[in-house]
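So the structure is just underneath, and the comments pick up after that.
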Amino acid sequence: MTPTRRDPGPAELATRTQLSRPAAEVAPKLLDALLVSDLGPQVIVRVTEVEAYAGLGSDPASHAHRRRTERNSSLFGPVGHAYVYFTYGMHWCVNVVAHPEGTAGGALIRAGEVVTGVSAARSRRTSARSDRDLARGPARLAMALGVAGDQDGIDLLDPRSPLRLELRAVDAPMAIGVGPRTGIAGEGADTPWRFWVDGDPTVSPYRRAAARKSTR
DNA sequence: CGGCCGATCCACT
DNA sequence: GTGGATCGGCCGA
């Protein structure tokens, strides 16, 4: 029996094409997009902050900088899929894979506003002090949506996916803030590849990388 | 609000 | 063996 092949609609193909560009170009276009999670009760987040990460030599801060490994393999895969990684021993973070053919990279979804499913998001984010904090930060956002390692590699553009990305056309000009990425040390620390919806309260605070303890 | 610190694993070196 | 694309609690202003 042959596997059933889905035929993607024109809108999906167009979105896939939009994402087949350098991450730094794609990232700001993800602002105001919707991330829809049906992993449990539905939660929808409107994206307010993103960071671009390229790879393979061009971006020392990227997980894909050195080479393809098991952990970062999603970054080398098809655009529009998710790269979900585990960090600091306890947190998951979500990227949208975006890069031209033959390269690697993506956009880290750093923050958003929960526009649907506030109570479901709250039950996953018991320590959140206010609704504003539900998805204010990359690990918080992943938790609010119920995303973990199981979702690494999932196709965010497949309408059947329990985790989906819906780009939205800007109907009104949106003020976009631009600055260096959060928590990056060394080379690439000042690359202005962080983008946010200017003035939005759900944008996370900027933090420079923690100074490294001297090894003495 | 801002700064400091501990938590807690695992992929990579 | 090492340290991170972070978070939350605690402290002082």
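Below, chains carry the letters A, B, ... as their sequence lines are ordered, and counting in each starts from 1. Just so it is clear, the model here is predicted, and its values are computed rather than measured.
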Positions of residues 126-138 of chain A (non-hydrogen atom under 4.0 Å from DNA chain C), listed by number: S127(A), G137(A), P138(A)
Whole angstrom value for the distance that separates C1' of dG3(C) from CE of M90(A): 12 Å
Note: D152(A)-R71(A) ion pair, threshold 4.0 Å (strictly below): no
Minimum-distance pair of heavy atoms, taken over all atoms of V79(A) and S20(A): CG2-OG, 3.5 Å
Sugar-phosphate only, base, or nothing, as touched by A139(A) at under 4.0 Å among non-hydrogen atoms: sugar-phosphate
Summary of side-chain hydrogen bond (donor to acceptor under 3.5 Å, both in side chains) pairs that have at least one residue in residues 96-119 of chain A, sequence neighbours excluded: R46(A)-E113(A), E49(A)-R110(A), R110(A)-S204(A)
Could you pull out all donor-acceptor pairs under 3.5 Å where a side-chain atom in residues 133-150 of chain A meets a protein atom, sequence neighbours excluded?
from: R136(A); atom 1: NE; to: P201(A); atom 2: O; distance (Å): 3.4
from: R136(A); atom 1: NE; to: V203(A); atom 2: O; distance (Å): 3.1
from: R140(A); atom 1: NH1; to: R136(A); atom 2: O; distance (Å): 2.8

I'd like a table of donor-acceptor pairs (distance under 3.5 Å, sequence neighbours excluded) in which one partner is a side-chain atom from residues 185-193 of chain A, with atom names and distances.
from: D190(A); atom 1: OD1; to: R208(A); atom 2: NH1; distance (Å): 3.2
from: D190(A); atom 1: OD1; to: R208(A); atom 2: NH2; distance (Å): 3.4
from: T191(A); atom 1: OG1; to: G188(A); atom 2: O; distance (Å): 3.4

Heavy atoms of other groups near R66(A) CZ, more than 12 under 6.0 Å: no
I184(A) CD1 - dT6(C) P separation (whole Å): 7 Å
Side-chain N or O of R207(A) closer than 4.0 Å to phosphate OP1/OP2 of dA5(C): no
Pairing pattern in dot-bracket form [Watson-Crick, G-U; both distances under 3.5 Å; | = partner strand] for DNA chain B: |||||||.||||.
Nearest-nucleotide pick for R67(A), side chain only, options being dT13(B), dT8(B), dG4(C): dT13(B)
Apart from V36(A) itself, residues in the same hydrophobic cluster as defined by side-chain heavy atoms under 4.5 Å: L34(A), I44(A), V115(A)
Pairing residues for R181(A) by the side chain to side chain donor-acceptor pair (under 3.5 Å) criterion, not counting sequence neighbours: D59(A)
V50(A) and V26(A), any side-chain heavy atoms less than 4.5 Å apart: no
Touch class at under 4.0 angstrom, heavy-atom based, for R181(A) against every strand present: nothing
Between C1' of dT6(C) and CG of N95(A), the distance in whole Å: 14 Å
Residue closer to the 5' end of DNA chain C, M143(A) versus T182(A) (nearest nucleotide): T182(A)
Sub-4.5 Å side-chain heavy-atom contact between P78(A) and R16(A): no
Residues in side chain to side chain donor-acceptor pair (under 3.5 Å) contact with R122(A), at least two apart in sequence or another chain: D131(A)
Rounded distance in Å - CG (L141(A)) to P (dG8(C)): 13 Å
Any residue meeting ring pair (Phe, Tyr, Trp, His ring centres under 6.0 Å) with Y85(A), in chain and number order, not counting sequence neighbours: H63(A), Y83(A)
Check: E51(A) and N95(A) side chains under 4.5 Å, non-hydrogen atoms: no
Residues within residues 45-59 of chain A bordering DNA chain C, heavy-atom distance below 4.0 Å: Y53(A)
Proximity to DNA chain C (any heavy atom under 4.0 Å), residues of residues 100-125 of chain A only: L108(A), R110(A), R125(A)
d(OH, Y88(A); P, dG8(C)) in whole Å: 14 Å
Cluster companions of L13(A) among Ile, Leu, Val, Met, Phe, Trp, Tyr (side-chain spacing under 4.5 Å): none
Rounded distance in Å - CH2 (W92(A)) to C1' (dG4(C)): 14 Å
Atom-pair distance (CZ on R208(A); P on dA5(C)), nearest Å: 15 Å
Audit row: S161(A), D155(A), side chain to side chain donor-acceptor pair (under 3.5 Å) steps and yes/no: CA-CA 7 Å; S161(A) 286; D155(A) 187 355; 5.6 Å; no
Of the listed nucleotides dA5(C), dA7(B), dC10(B), the one nearest the side chain of F86(A): dC10(B)
Nearest listed nucleotide, side chain of H91(A), among dC7(C), dA7(B), dG4(C): dC7(C)
Whole-Å gap separating C1' (dC10(B)) and CZ (R71(A)): 9 Å
